[in-house]
Amino acid sequence: MSEPKIEKWVTLKEVQAYLGVRRETVLQWIAKRSLPAYKVGRLWKFKLTEVDDWVRSGGAAEDAPVEKEPRKKSDSVDD
């Protein structure tokens, strides 16, 4: 039997390049549009399969619903 493949975590910069958008756009999507992202210390980490699913579900669409209460401004967004 073959071992299951474990998906690698990627950085904010890698997601930027993957989606072809600016850093600020990714951070806004995390805060206001529920882009799947996880804090590991001060860094944001992503699974590309989750990002793909989010995009396919319309999360990045201009008319996508915006969360009423964004994340706290005290959350660090360093990468």
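The analysis underlying the following values was restricted to heavy atoms, covering all of them including side chains, and did not include hydrogens, waters or symmetry mates. It should be emphasised that the depicted structure is a prediction, and the values quoted were computed from it without experimental measurement.
Within the 4.5 Å cutoff, the side chain of Val51 has no heavy atoms near those of the Val10 side chain. Under the 4.5 Å side-chain criterion, counting only non-hydrogen atoms from C-beta, Trp44 is not in contact with Val15. Looking at heavy atoms from C-beta onward, Asp53 lies in side-chain contact with Arg56 at the 4.5 angstrom threshold. The closest side-chain heavy-atom distance from Thr11 to Leu43 is not below 4.5 Å.
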- request: Show your working on side chain to side chain contact (heavy atoms under 4.5 Å, CB included) between Tyr18 and Val55 and close with a plain yes or no.
  value: CA-CA 12 Å; Tyr18 184 71; Val55 170; over 6 Å; no

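Here the closest heavy-atom approach between residue Arg23 and residue Gln16 is recorded as N-NE2, 3.3 Å. Counting all heavy atoms, side chain and backbone alike, Leu35 lies closest to Phe46 at CD2-CE2, 3.9 Å.
Side chain of Arg33 to main chain of Ala61: a donor-acceptor pair is present (N/O by atom type, distance under 3.5 Å, no hydrogens or angles). Judged purely by atom type and a 3.5 angstrom limit, Lys47 uses its side chain to pair as donor or acceptor with the backbone of Glu7.
Interatomic distance, Leu19 CG to Thr25 OG1, rounded to the nearest 0.5 Å: 10.0 Å.
The pair Lys8-Glu14 meets the salt-bridge criterion, with a side-chain N (NZ, NE, NH1 or NH2) lying under 4.0 Å from an Asp/Glu carboxylate O.
For Tyr38, the ring-ring contact (aromatic ring centres under 6.0 Å, His included) test picks out Trp9, with sequence neighbours left out.
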